[in-house]
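What follows is one structure encoded as C-alpha coordinates, with my remarks underneath.
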Amino acid sequence: MTAADRAAIAAGTPGEMLMERAGQGVVEAILARFEVQPVTVLCGPGNNGGDGYVVARLLSERGWPVEVRALAEPATDDARTMRGRWSGPVKPLSGPVGEGLVVDALFGAGLARPLDGLAAAAVTALTNRAEQVIAVDIPSGLPGDTGAPLGVAVCAGLTVTFHARKPAHVLEPGRSLCGEIVVVDIGLGETPTRLVENGPEAWAARFPWPETHSHKHARGRLIVVSGDAWSTGAARLASRGGLRIGAGLVTILSTEEALASNAAHLEAVMLKPFATELELEQAADHADAAIIGPAAGVSETTLLNVLALARTGAALVIDADAITVFRDDPEELFSVLDRDDVLTPHPGEFERLFPGVLKAAPERITAARRAAERAGSVVLLKGPDTVIAAPDGRAAVNLNGSPWLATAGSGDVLAGFIGGLVSQGMDSFDAACAGAWIHAEAAALHGPGLISEDLPGLAPRILRRLYAER
Ligand SMILES: NC(=O)C1=CN([C@@H]2O[C@H](COP(=O)(O)OP(=O)(O)OC[C@H]3O[C@@H](n4cnc5c(N)ncnc54)[C@H](OP(=O)(O)O)[C@@H]3O)[C@@H](O)[C@H]2O)[C@@H](O)CC1
Ligand SMILES: [K+]
(Lines give C-alpha, C1' and ligand atoms only; values in the text may rest on other atoms or scores of the structure.)
(Ligands and ions follow the chains in the order given, each with its own letter.)
Protein backbone atom coordinates (compact mmCIF):
# COMPACT_ATOMS: atom_id res chain seq x y z
CA MET A 1 0.00 0.00 0.00
CA THR A 2 1.33 3.43 -0.87
CA ALA A 3 1.72 6.38 1.52
CA ALA A 4 -1.18 8.04 -0.34
CA ASP A 5 -3.48 5.06 0.35
CA ARG A 6 -2.51 5.01 4.01
CA ALA A 7 -3.08 8.76 4.31
CA ALA A 8 -6.51 8.52 2.67
CA ILE A 9 -7.53 5.61 4.86
CA ALA A 10 -6.29 7.45 7.96
CA ALA A 11 -8.32 10.47 6.85
CA GLY A 12 -11.48 8.38 6.85
CA THR A 13 -11.86 6.89 3.36
CA PRO A 14 -12.27 3.15 3.91
CA GLY A 15 -9.88 1.01 1.87
CA GLU A 16 -12.90 -0.89 0.62
CA MET A 17 -14.30 2.27 -0.94
CA LEU A 18 -10.95 3.08 -2.58
CA MET A 19 -10.88 -0.44 -3.96
CA GLU A 20 -14.39 -0.12 -5.33
CA ARG A 21 -13.45 3.15 -7.06
CA ALA A 22 -10.25 1.59 -8.40
CA GLY A 23 -12.14 -1.35 -9.92
CA GLN A 24 -14.78 1.01 -11.27
CA GLY A 25 -12.05 3.07 -12.95
CA VAL A 26 -10.60 -0.01 -14.62
CA VAL A 27 -14.03 -1.04 -15.86
CA GLU A 28 -14.75 2.41 -17.30
CA ALA A 29 -11.46 2.34 -19.17
CA ILE A 30 -12.32 -1.10 -20.56
CA LEU A 31 -15.87 -0.12 -21.57
CA ALA A 32 -14.53 2.96 -23.37
CA ARG A 33 -12.17 0.85 -25.49
CA PHE A 34 -13.57 -2.65 -26.03
CA GLU A 35 -16.73 -4.36 -27.23
CA VAL A 36 -18.39 -6.94 -25.00
CA GLN A 37 -16.30 -10.13 -25.13
CA PRO A 38 -15.07 -12.90 -22.84
CA VAL A 39 -12.72 -11.65 -20.16
CA THR A 40 -10.47 -13.57 -17.80
CA VAL A 41 -9.52 -11.80 -14.58
CA LEU A 42 -6.30 -13.04 -12.95
CA CYS A 43 -6.35 -12.24 -9.22
CA GLY A 44 -3.39 -12.23 -6.85
CA PRO A 45 -3.55 -12.51 -3.06
CA GLY A 46 -3.24 -8.80 -2.21
CA ASN A 47 -5.26 -5.68 -2.85
CA ASN A 48 -4.34 -5.70 -6.53
CA GLY A 49 -6.27 -8.99 -6.66
CA GLY A 50 -9.01 -7.25 -4.65
CA ASP A 51 -9.35 -4.71 -7.44
CA GLY A 52 -9.59 -7.66 -9.83
CA TYR A 53 -12.65 -9.08 -8.01
CA VAL A 54 -14.33 -5.67 -8.29
CA VAL A 55 -13.62 -5.57 -12.03
CA ALA A 56 -15.01 -9.08 -12.43
CA ARG A 57 -18.24 -8.19 -10.62
CA LEU A 58 -18.84 -4.89 -12.42
CA LEU A 59 -18.17 -6.34 -15.89
CA SER A 60 -20.35 -9.34 -15.14
CA GLU A 61 -23.17 -7.01 -14.02
CA ARG A 62 -22.93 -5.41 -17.47
CA GLY A 63 -23.39 -8.75 -19.17
CA TRP A 64 -19.77 -9.59 -19.96
CA PRO A 65 -18.81 -13.28 -19.76
CA VAL A 66 -16.24 -13.25 -16.94
CA GLU A 67 -13.95 -15.99 -15.68
CA VAL A 68 -11.94 -15.42 -12.50
CA ARG A 69 -8.63 -17.23 -11.92
CA ALA A 70 -6.89 -16.82 -8.57
CA LEU A 71 -3.31 -17.52 -7.57
CA ALA A 72 -4.27 -17.92 -3.91
CA GLU A 73 -6.97 -17.01 -1.41
CA PRO A 74 -7.16 -13.26 -0.62
CA ALA A 75 -4.75 -12.24 2.14
CA THR A 76 -6.11 -8.78 3.04
CA ASP A 77 -9.46 -7.76 4.57
CA ASP A 78 -10.45 -5.57 1.62
CA ALA A 79 -9.57 -8.24 -0.93
CA ARG A 80 -11.53 -10.82 1.09
CA THR A 81 -14.54 -8.47 1.13
CA MET A 82 -14.39 -8.07 -2.64
CA ARG A 83 -13.86 -11.79 -3.14
CA GLY A 84 -17.02 -12.29 -1.07
CA ARG A 85 -18.99 -9.96 -3.34
CA TRP A 86 -18.03 -11.93 -6.43
CA SER A 87 -20.74 -14.52 -6.81
CA GLY A 88 -19.25 -16.52 -9.69
CA PRO A 89 -16.76 -19.36 -9.50
CA VAL A 90 -13.08 -18.84 -8.85
CA LYS A 91 -10.82 -21.20 -10.76
CA PRO A 92 -7.16 -21.93 -10.11
CA LEU A 93 -4.61 -19.90 -12.03
CA SER A 94 -3.11 -22.94 -13.75
CA GLY A 95 -4.01 -23.92 -17.32
CA PRO A 96 -4.38 -21.98 -20.54
CA VAL A 97 -6.28 -18.70 -20.56
CA GLY A 98 -9.11 -18.57 -23.09
CA GLU A 99 -9.88 -16.10 -25.88
CA GLY A 100 -10.77 -12.48 -25.22
CA LEU A 101 -9.45 -9.90 -22.80
CA VAL A 102 -7.26 -10.62 -19.78
CA VAL A 103 -7.29 -8.40 -16.72
CA ASP A 104 -3.97 -8.66 -14.89
CA ALA A 105 -4.72 -8.16 -11.19
CA LEU A 106 -1.98 -10.45 -9.90
CA PHE A 107 0.39 -7.96 -8.28
CA GLY A 108 0.62 -4.21 -8.06
CA ALA A 109 2.33 -1.97 -5.55
CA GLY A 110 3.00 -4.89 -3.20
CA LEU A 111 5.24 -6.90 -5.51
CA ALA A 112 8.04 -8.05 -3.24
CA ARG A 113 10.12 -10.46 -5.32
CA PRO A 114 10.38 -11.91 -8.82
CA LEU A 115 7.41 -13.91 -10.05
CA ASP A 116 7.81 -17.66 -9.92
CA GLY A 117 5.76 -20.85 -10.20
CA LEU A 118 2.18 -20.49 -11.42
CA ALA A 119 2.32 -16.69 -11.53
CA ALA A 120 5.41 -16.70 -13.74
CA ALA A 121 3.86 -19.34 -16.00
CA ALA A 122 0.61 -17.38 -16.32
CA VAL A 123 2.47 -14.20 -17.21
CA THR A 124 4.71 -15.99 -19.71
CA ALA A 125 1.61 -17.45 -21.38
CA LEU A 126 0.37 -13.90 -22.03
CA THR A 127 3.38 -13.08 -24.22
CA ASN A 128 2.20 -11.86 -27.63
CA ARG A 129 -1.24 -10.94 -26.29
CA ALA A 130 -0.36 -7.43 -25.10
CA GLU A 131 -3.22 -5.77 -26.98
CA GLN A 132 -5.73 -7.88 -25.02
CA VAL A 133 -4.13 -7.41 -21.63
CA ILE A 134 -5.31 -4.74 -19.20
CA ALA A 135 -3.01 -4.31 -16.21
CA VAL A 136 -4.52 -3.13 -12.96
CA ASP A 137 -2.26 -0.44 -11.47
CA ILE A 138 1.04 -1.89 -12.75
CA PRO A 139 1.85 -4.79 -15.08
CA SER A 140 2.56 -7.69 -12.73
CA GLY A 141 6.27 -8.34 -12.26
CA LEU A 142 7.13 -4.66 -12.54
CA PRO A 143 7.87 -2.86 -9.25
CA GLY A 144 6.07 0.47 -9.01
CA ASP A 145 9.04 2.47 -7.84
CA THR A 146 11.40 1.58 -10.69
CA GLY A 147 11.05 0.97 -14.40
CA ALA A 148 12.92 -2.33 -14.18
CA PRO A 149 11.06 -5.70 -14.11
CA LEU A 150 12.22 -8.06 -11.38
CA GLY A 151 12.02 -11.05 -13.73
CA VAL A 152 9.18 -12.00 -16.07
CA ALA A 153 6.59 -9.24 -16.29
CA VAL A 154 3.29 -8.66 -18.02
CA CYS A 155 3.33 -6.67 -21.22
CA ALA A 156 -0.01 -4.84 -21.39
CA GLY A 157 -1.87 -2.87 -24.02
CA LEU A 158 -3.57 -0.77 -21.36
CA THR A 159 -2.63 -0.01 -17.76
CA VAL A 160 -5.09 1.66 -15.44
CA THR A 161 -3.44 3.17 -12.42
CA PHE A 162 -4.76 5.23 -9.54
CA HIS A 163 -4.17 8.75 -8.28
CA ALA A 164 -0.89 9.45 -10.12
CA ARG A 165 1.68 7.81 -12.34
CA LYS A 166 4.44 5.98 -10.51
CA PRO A 167 8.06 5.75 -11.69
CA ALA A 168 7.29 2.40 -13.38
CA HIS A 169 4.81 4.21 -15.65
CA VAL A 170 7.31 6.78 -16.86
CA LEU A 171 10.70 5.05 -16.86
CA GLU A 172 11.82 2.59 -19.48
CA PRO A 173 11.54 -0.33 -19.90
CA GLY A 174 8.50 -0.26 -17.58
CA ARG A 175 6.79 2.45 -19.53
CA SER A 176 6.76 0.32 -22.68
CA LEU A 177 5.30 -2.65 -20.74
CA CYS A 178 2.35 -0.50 -19.66
CA GLY A 179 0.94 0.29 -23.11
CA GLU A 180 -1.60 3.09 -22.91
CA ILE A 181 -1.78 4.52 -19.40
CA VAL A 182 -4.96 5.80 -17.82
CA VAL A 183 -4.79 7.52 -14.44
CA VAL A 184 -7.99 7.29 -12.42
CA ASP A 185 -8.84 9.67 -9.60
CA ILE A 186 -10.02 7.54 -6.67
CA GLY A 187 -10.34 10.45 -4.26
CA LEU A 188 -7.01 10.34 -2.50
CA GLY A 189 -6.91 14.13 -2.58
CA GLU A 190 -3.83 16.28 -2.80
CA THR A 191 -0.81 14.36 -1.67
CA PRO A 192 2.63 15.80 -2.13
CA THR A 193 4.36 14.15 -5.02
CA ARG A 194 7.83 15.08 -6.08
CA LEU A 195 7.61 13.26 -9.40
CA VAL A 196 6.28 15.48 -12.12
CA GLU A 197 5.38 14.42 -15.61
CA ASN A 198 7.06 16.98 -17.78
CA GLY A 199 4.52 18.92 -19.79
CA PRO A 200 3.30 22.48 -20.21
CA GLU A 201 1.10 22.31 -17.10
CA ALA A 202 4.34 22.09 -15.09
CA TRP A 203 5.93 25.30 -16.46
CA ALA A 204 3.69 27.12 -18.98
CA ALA A 205 2.57 29.66 -16.39
CA ARG A 206 6.18 30.80 -16.05
CA PHE A 207 7.09 30.80 -19.74
CA PRO A 208 9.00 33.99 -20.60
CA TRP A 209 6.76 35.61 -23.22
CA PRO A 210 7.84 39.06 -24.40
CA GLU A 211 5.83 42.00 -23.15
CA THR A 212 4.75 45.12 -25.01
CA HIS A 213 7.82 47.04 -23.92
CA SER A 214 10.35 44.23 -24.33
CA HIS A 215 13.40 45.06 -26.42
CA LYS A 216 16.00 42.65 -27.69
CA HIS A 217 18.49 43.24 -24.86
CA ALA A 218 15.81 42.65 -22.27
CA ARG A 219 14.61 39.47 -23.99
CA GLY A 220 17.78 37.64 -23.11
CA ARG A 221 21.37 37.73 -24.28
CA LEU A 222 22.73 34.33 -25.07
CA ILE A 223 26.25 33.39 -26.10
CA VAL A 224 27.38 30.12 -27.59
CA VAL A 225 31.02 29.05 -27.74
CA SER A 226 32.01 27.70 -31.14
CA GLY A 227 34.17 24.66 -31.80
CA ASP A 228 37.28 24.93 -33.94
CA ALA A 229 37.33 25.59 -37.69
CA TRP A 230 36.20 22.06 -38.59
CA SER A 231 33.49 21.82 -35.93
CA THR A 232 31.41 24.96 -36.03
CA GLY A 233 27.99 23.57 -37.00
CA ALA A 234 27.05 22.44 -33.48
CA ALA A 235 27.34 25.95 -32.04
CA ARG A 236 25.24 27.29 -34.91
CA LEU A 237 22.53 24.68 -34.28
CA ALA A 238 22.49 25.69 -30.62
CA SER A 239 22.43 29.40 -31.41
CA ARG A 240 19.56 28.98 -33.86
CA GLY A 241 17.65 27.02 -31.23
CA GLY A 242 18.27 29.82 -28.73
CA LEU A 243 17.05 32.47 -31.11
CA ARG A 244 13.90 30.55 -32.11
CA ILE A 245 12.93 29.92 -28.49
CA GLY A 246 12.96 33.65 -27.91
CA ALA A 247 16.38 34.92 -26.81
CA GLY A 248 16.65 38.53 -27.99
CA LEU A 249 20.34 38.50 -28.90
CA VAL A 250 22.42 35.47 -29.67
CA THR A 251 26.16 35.69 -30.25
CA ILE A 252 28.57 32.97 -31.24
CA LEU A 253 31.99 33.45 -29.70
CA SER A 254 34.61 31.98 -31.95
CA THR A 255 38.36 31.75 -32.17
CA GLU A 256 40.03 33.49 -35.11
CA GLU A 257 40.50 30.33 -37.15
CA ALA A 258 36.77 29.46 -37.04
CA LEU A 259 35.49 32.97 -37.72
CA ALA A 260 35.29 32.64 -41.49
CA SER A 261 33.25 29.44 -41.51
CA ASN A 262 30.91 30.82 -38.85
CA ALA A 263 30.56 34.18 -40.62
CA ALA A 264 29.62 32.47 -43.86
CA HIS A 265 26.62 30.81 -42.21
CA LEU A 266 25.14 33.36 -39.86
CA GLU A 267 22.50 36.04 -40.28
CA ALA A 268 20.56 37.07 -37.19
CA VAL A 269 23.07 35.37 -34.93
CA MET A 270 26.02 37.64 -34.21
CA LEU A 271 29.65 36.67 -34.17
CA LYS A 272 32.54 37.84 -31.99
CA PRO A 273 36.13 36.66 -31.88
CA PHE A 274 38.08 35.62 -28.81
CA ALA A 275 41.58 34.23 -28.47
CA THR A 276 42.15 33.38 -24.81
CA GLU A 277 39.89 32.36 -21.95
CA LEU A 278 40.36 35.83 -20.50
CA GLU A 279 38.97 37.35 -23.70
CA LEU A 280 36.11 34.83 -23.58
CA GLU A 281 35.34 35.92 -20.03
CA GLN A 282 35.29 39.57 -21.11
CA ALA A 283 33.18 38.86 -24.21
CA ALA A 284 30.66 36.94 -22.07
CA ASP A 285 30.49 39.61 -19.43
CA HIS A 286 27.04 40.95 -20.35
CA ALA A 287 25.50 37.63 -21.30
CA ASP A 288 22.51 36.30 -19.40
CA ALA A 289 23.28 32.73 -20.42
CA ALA A 290 26.12 30.86 -22.09
CA ILE A 291 26.24 27.50 -23.84
CA ILE A 292 29.46 25.58 -24.03
CA GLY A 293 30.17 22.03 -25.09
CA PRO A 294 28.66 21.25 -28.49
CA ALA A 295 31.69 20.23 -30.63
CA ALA A 296 33.89 22.22 -28.24
CA GLY A 297 36.64 19.59 -28.27
CA VAL A 298 37.86 17.49 -25.36
CA SER A 299 40.81 19.69 -24.46
CA GLU A 300 42.37 21.74 -21.70
CA THR A 301 41.20 24.82 -23.62
CA THR A 302 37.56 23.77 -23.28
CA LEU A 303 38.05 23.16 -19.56
CA LEU A 304 39.60 26.61 -19.08
CA ASN A 305 36.81 28.17 -21.16
CA VAL A 306 34.17 26.63 -18.88
CA LEU A 307 35.94 27.98 -15.81
CA ALA A 308 36.18 31.40 -17.47
CA LEU A 309 32.45 31.48 -18.23
CA ALA A 310 31.73 30.44 -14.65
CA ARG A 311 33.43 33.65 -13.48
CA THR A 312 30.83 35.73 -15.36
CA GLY A 313 27.27 36.29 -14.22
CA ALA A 314 25.89 34.15 -17.05
CA ALA A 315 23.90 31.02 -16.30
CA LEU A 316 25.68 28.12 -17.96
CA VAL A 317 24.37 25.29 -20.10
CA ILE A 318 27.16 22.72 -20.14
CA ASP A 319 26.90 19.95 -22.68
CA ALA A 320 28.90 17.26 -24.45
CA ASP A 321 32.68 17.89 -24.55
CA ALA A 322 32.45 20.53 -21.82
CA ILE A 323 31.16 17.75 -19.55
CA THR A 324 33.71 15.18 -20.66
CA VAL A 325 36.70 17.46 -19.98
CA PHE A 326 35.96 17.23 -16.25
CA ARG A 327 36.00 13.41 -16.10
CA ASP A 328 39.27 13.33 -14.15
CA ASP A 329 38.13 15.87 -11.61
CA PRO A 330 34.35 16.42 -11.58
CA GLU A 331 34.68 18.34 -8.30
CA GLU A 332 36.54 21.08 -10.15
CA LEU A 333 33.39 21.62 -12.21
CA PHE A 334 30.95 21.26 -9.31
CA SER A 335 32.86 23.84 -7.29
CA VAL A 336 32.07 26.54 -9.86
CA LEU A 337 28.46 25.60 -10.62
CA ASP A 338 25.35 27.00 -9.04
CA ARG A 339 21.66 26.23 -9.20
CA ASP A 340 21.13 28.38 -12.30
CA ASP A 341 23.45 26.20 -14.31
CA VAL A 342 22.33 23.18 -16.32
CA LEU A 343 24.27 20.03 -17.18
CA THR A 344 22.86 18.04 -20.11
CA PRO A 345 24.67 14.67 -20.17
CA HIS A 346 23.70 11.54 -22.06
CA PRO A 347 24.24 8.40 -19.94
CA GLY A 348 27.91 8.05 -21.02
CA GLU A 349 28.72 11.64 -20.09
CA PHE A 350 26.70 11.27 -16.89
CA GLU A 351 28.90 8.31 -15.92
CA ARG A 352 32.03 10.44 -16.46
CA LEU A 353 30.85 13.11 -14.02
CA PHE A 354 28.98 10.87 -11.60
CA PRO A 355 30.74 7.50 -11.72
CA GLY A 356 28.61 4.64 -10.38
CA VAL A 357 25.60 6.83 -9.55
CA LEU A 358 23.35 5.40 -12.28
CA LYS A 359 24.24 1.85 -11.34
CA ALA A 360 23.75 2.39 -7.62
CA ALA A 361 20.39 4.14 -7.96
CA PRO A 362 17.20 2.07 -8.18
CA GLU A 363 16.15 4.09 -11.24
CA ARG A 364 17.05 7.15 -13.32
CA ILE A 365 15.02 9.70 -11.34
CA THR A 366 16.92 8.97 -8.16
CA ALA A 367 20.20 8.98 -10.10
CA ALA A 368 19.47 12.40 -11.62
CA ARG A 369 18.41 13.79 -8.23
CA ARG A 370 21.59 12.57 -6.59
CA ALA A 371 23.64 14.05 -9.42
CA ALA A 372 21.88 17.43 -9.22
CA GLU A 373 22.47 17.52 -5.49
CA ARG A 374 26.13 16.62 -5.90
CA ALA A 375 26.74 19.10 -8.73
CA GLY A 376 24.64 21.86 -7.15
CA SER A 377 23.02 22.51 -10.52
CA VAL A 378 20.17 21.29 -12.69
CA VAL A 379 20.91 17.96 -14.39
CA LEU A 380 19.12 16.77 -17.50
CA LEU A 381 19.85 13.10 -18.06
CA LYS A 382 19.10 12.28 -21.69
CA GLY A 383 17.34 9.14 -22.87
CA PRO A 384 14.02 7.96 -24.28
CA ASP A 385 12.75 8.92 -20.82
CA THR A 386 14.79 12.09 -20.24
CA VAL A 387 14.87 13.03 -16.55
CA ILE A 388 15.39 16.56 -15.29
CA ALA A 389 16.38 17.13 -11.66
CA ALA A 390 17.22 20.16 -9.56
CA PRO A 391 19.43 20.32 -6.45
CA ASP A 392 16.36 21.09 -4.31
CA GLY A 393 14.83 17.68 -5.16
CA ARG A 394 12.45 18.71 -7.94
CA ALA A 395 12.37 16.12 -10.70
CA ALA A 396 10.41 15.61 -13.88
CA VAL A 397 10.33 12.90 -16.50
CA ASN A 398 9.80 13.75 -20.12
CA LEU A 399 7.03 11.60 -21.56
CA ASN A 400 6.86 12.89 -25.14
CA GLY A 401 10.28 11.56 -26.19
CA SER A 402 10.47 10.79 -29.86
CA PRO A 403 12.65 8.28 -31.72
CA TRP A 404 13.20 10.88 -34.45
CA LEU A 405 15.49 12.72 -32.05
CA ALA A 406 18.14 10.03 -32.49
CA THR A 407 19.94 12.12 -35.09
CA ALA A 408 23.24 14.01 -35.10
CA GLY A 409 23.05 17.48 -33.60
CA SER A 410 19.69 17.17 -31.85
CA GLY A 411 21.39 17.62 -28.47
CA ASP A 412 22.98 20.86 -29.70
CA VAL A 413 19.54 22.27 -30.48
CA LEU A 414 18.29 21.14 -27.08
CA ALA A 415 21.14 23.02 -25.40
CA GLY A 416 20.11 26.03 -27.50
CA PHE A 417 16.47 25.80 -26.44
CA ILE A 418 17.43 25.55 -22.77
CA GLY A 419 20.03 28.32 -23.00
CA GLY A 420 17.57 30.54 -24.86
CA LEU A 421 14.95 30.10 -22.14
CA VAL A 422 17.40 30.58 -19.28
CA SER A 423 18.70 33.76 -20.94
CA GLN A 424 15.16 35.12 -20.80
CA GLY A 425 15.11 34.69 -17.05
CA MET A 426 13.22 31.42 -16.86
CA ASP A 427 14.14 29.32 -13.83
CA SER A 428 16.75 26.79 -15.00
CA PHE A 429 14.77 23.72 -13.93
CA ASP A 430 11.67 25.03 -15.72
CA ALA A 431 13.80 25.95 -18.74
CA ALA A 432 15.31 22.47 -18.94
CA CYS A 433 11.83 20.93 -18.67
CA ALA A 434 10.32 23.30 -21.24
CA GLY A 435 13.29 22.94 -23.59
CA ALA A 436 13.15 19.13 -23.48
CA TRP A 437 9.40 19.03 -24.01
CA ILE A 438 9.36 21.50 -26.91
CA HIS A 439 12.34 19.70 -28.48
CA ALA A 440 10.56 16.32 -28.41
CA GLU A 441 7.27 17.85 -29.51
CA ALA A 442 9.03 19.43 -32.50
CA ALA A 443 10.54 16.08 -33.46
CA ALA A 444 7.17 14.35 -33.24
CA LEU A 445 5.61 17.07 -35.37
CA HIS A 446 8.14 16.47 -38.12
CA GLY A 447 8.41 12.68 -37.85
CA PRO A 448 10.36 10.66 -40.41
CA GLY A 449 13.25 12.37 -42.14
CA LEU A 450 13.93 14.81 -39.30
CA ILE A 451 17.40 16.32 -39.21
CA SER A 452 18.59 18.64 -36.47
CA GLU A 453 18.56 21.65 -38.77
CA ASP A 454 14.74 21.27 -38.89
CA LEU A 455 14.25 21.47 -35.13
CA PRO A 456 14.64 25.22 -34.51
CA GLY A 457 12.21 26.00 -37.32
CA LEU A 458 9.59 23.67 -35.84
CA ALA A 459 9.62 25.41 -32.47
CA PRO A 460 7.39 28.33 -33.55
CA ARG A 461 4.41 26.04 -34.23
CA ILE A 462 4.66 24.70 -30.72
CA LEU A 463 5.27 28.14 -29.24
CA ARG A 464 2.17 29.46 -31.02
CA ARG A 465 0.11 26.70 -29.42
CA LEU A 466 1.53 27.47 -25.98
CA TYR A 467 0.97 31.19 -26.53
CA ALA A 468 -2.67 30.67 -27.51
CA GLU A 469 -3.27 28.49 -24.44
CA ARG A 470 -1.45 30.69 -21.93
N1 LIG B 1 -3.11 3.20 -5.04
C2 LIG B 1 -4.30 3.19 -4.41
O3 LIG B 1 -4.70 4.20 -3.98
C4 LIG B 1 -5.08 1.97 -4.26
C5 LIG B 1 -4.51 0.75 -4.54
N6 LIG B 1 -5.20 -0.37 -4.56
C7 LIG B 1 -4.60 -1.60 -5.04
O8 LIG B 1 -3.79 -2.16 -4.07
C9 LIG B 1 -2.60 -2.65 -4.66
C10 LIG B 1 -1.52 -2.85 -3.66
O11 LIG B 1 -1.99 -3.87 -2.84
P12 LIG B 1 -1.02 -4.68 -1.88
O13 LIG B 1 -0.18 -3.73 -1.12
O14 LIG B 1 -1.87 -5.59 -1.11
O15 LIG B 1 -0.05 -5.44 -2.90
P16 LIG B 1 -0.28 -6.47 -4.09
O17 LIG B 1 0.45 -5.93 -5.25
O18 LIG B 1 -1.70 -6.80 -4.29
O19 LIG B 1 0.51 -7.80 -3.65
C20 LIG B 1 0.83 -8.11 -2.34
C21 LIG B 1 0.63 -9.59 -2.10
O22 LIG B 1 1.36 -10.33 -3.05
C23 LIG B 1 2.34 -11.15 -2.39
N24 LIG B 1 3.52 -11.13 -3.25
C25 LIG B 1 4.31 -10.09 -3.54
N26 LIG B 1 5.21 -10.42 -4.50
C27 LIG B 1 4.95 -11.74 -4.79
C28 LIG B 1 5.53 -12.65 -5.72
N29 LIG B 1 6.54 -12.31 -6.52
N30 LIG B 1 5.03 -13.88 -5.77
C31 LIG B 1 4.02 -14.26 -4.98
N32 LIG B 1 3.44 -13.42 -4.09
C33 LIG B 1 3.89 -12.18 -4.00
C34 LIG B 1 2.51 -10.56 -1.05
O35 LIG B 1 2.86 -11.57 -0.19
P36 LIG B 1 4.11 -11.47 0.81
O37 LIG B 1 5.17 -10.63 0.18
O38 LIG B 1 3.54 -10.86 2.02
O39 LIG B 1 4.52 -12.89 0.94
C40 LIG B 1 1.12 -10.01 -0.77
O41 LIG B 1 0.28 -11.04 -0.34
C42 LIG B 1 -2.32 -1.60 -5.70
O43 LIG B 1 -1.40 -2.05 -6.66
C44 LIG B 1 -3.71 -1.36 -6.24
O45 LIG B 1 -4.02 -2.29 -7.25
C46 LIG B 1 -6.66 -0.24 -4.39
O47 LIG B 1 -7.28 -1.38 -4.04
C48 LIG B 1 -7.02 0.85 -3.41
C49 LIG B 1 -6.47 2.11 -3.78
K1 LIG C 1 -1.28 -5.89 -12.00
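Nothing fancy with the numbering, it's 1 onward along the sequence. Each ligand, and each atom within it, is numbered from 1 in the order the structure gives.
Distances between N or O atoms of Thr76 and those of ligand 1 include no value under 3.5 Å. The N/O atoms of Ala112, backbone and side chain alike, include one that comes under 3.5 Å of an N/O atom in ligand 1. Looking at ligand 1, you'll find an N or O of Gly110 within less than 3.5 Å of one of its N or O atoms. At under 3.5 Å, a nitrogen or oxygen of Gly108, whether backbone or side chain, sits near a nitrogen or oxygen of ligand 1. At a 3.5 angstrom cut-off on N or O pairs, Arg113 counts as close to ligand 1. At a 3.5 angstrom cut-off on N or O pairs, Pro114 counts as close to ligand 1. Backbone and side-chain nitrogen or oxygen atoms of Ala109 are examined, and one is located within less than 3.5 angstrom of a nitrogen or oxygen of ligand 1.
At least one donor-acceptor pair under 3.5 Å links the side chain of Asn400 to the backbone N or O of Trp437. Listed for the Arg364 side chain is a donor-acceptor partner under 3.5 Å among the backbone atoms of Lys382. Listed for the Arg369 side chain is no donor-acceptor partner under 3.5 Å among the backbone atoms of Ala389. When atom types are taken as modelled, the side chain of Arg461 and the backbone of Leu458 share no donor-acceptor pair closer than 3.5 angstrom.
A cation-pi arrangement is present between Arg470 and Tyr467 under the rule of less than 6.0 angstrom and at most 45 degrees off the ring axis.
Close contacts between ligand 1 and Ile186 involve ligand atoms 2 (C), 3 (O), 4 (C), 49 (C) [criterion: under 4.0 Å to a heavy atom]. Near Leu111, with a cut-off below 4.0 Å to any heavy atom, the atoms of ligand 1 are 17 (O), 25 (C), 26 (N), 29 (N).
Residue contacts with ligand 1, taken as heavy atom pairs separated by less than 4.0 Å, involve Asp137 solely via side-chain atoms from C-beta onward. Here Asp51 has side-chain heavy atoms under 4.0 Å from ligand 1, and that is the only part of it that gets that close. At a heavy-atom distance under 4.0 Å, only side-chain atoms of Leu188, from C-beta outward, approach ligand 1. Contacts of Leu71 with ligand 1, taken as heavy-atom pairs under 4.0 Å, are absent altogether.
With a cut-off of 3.4 Å, the K ion (ligand 2) has no N, O or S atom of Gly108 in range. Taking 3.4 Å as the threshold, Ala135 does not count as a candidate ligand of the K ion (ligand 2), since none of its N, O or S atoms lies below it. With a cut-off of 3.4 Å, the K ion (ligand 2) has an N, O or S atom of Asp104 in range. Residue Phe107 counts as close to the K ion (ligand 2), with an N, O or S atom under 3.4 Å.
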For this session: List the steps and the verdict of side-chain contact (heavy atoms from CB on, under 4.5 Å) for Leu115 and Leu106.
Result: CA-CA 10 Å; Leu115 302 186; Leu106 285 171; 5.7 Å; no
For this session: Test side-chain contact (heavy atoms from CB on, under 4.5 Å) on Trp64 and Val55 and set out the steps.
Result: CA-CA 11 Å; Trp64 287 52; Val55 173; over 6 Å; no
Exercise. Stepwise, does the side-chain contact (heavy atoms from CB on, under 4.5 Å) test hold for Leu188 with Leu18?
Worked result: CA-CA 8 Å; Leu188 291 176; Leu18 294 175; 3.8 Å; yes
Exercise. Stepwise, does the side-chain hydrogen bond (donor to acceptor under 3.5 Å, both in side chains) test hold for Gln24 with Glu28?
Worked result: CA-CA 6 Å; Gln24 174 90 38; Glu28 281 168 12; 3.1 Å; yes
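The aromatic rings of Phe354 and Phe334 sit parallel, their planes meeting at an angle under 30°, below the 60° perpendicular limit.
Our summary of the site lists the angle at the K ion (ligand 2) between O of Ile138 and O of Val136 as 70°, to the nearest 10 degrees.
A heavy-atom separation below 4.0 Å is not found between Gly44 and ligand 1.
The shortest side-chain heavy-atom distance between Asp145 and Lys166 does not fall under the 4.5 Å cut-off.
In this structure Ala290 satisfies the side chain to side chain contact (heavy atoms under 4.5 Å, CB included) test together with Ile223, Leu309, Ala314, Leu316, sequence neighbours excluded.
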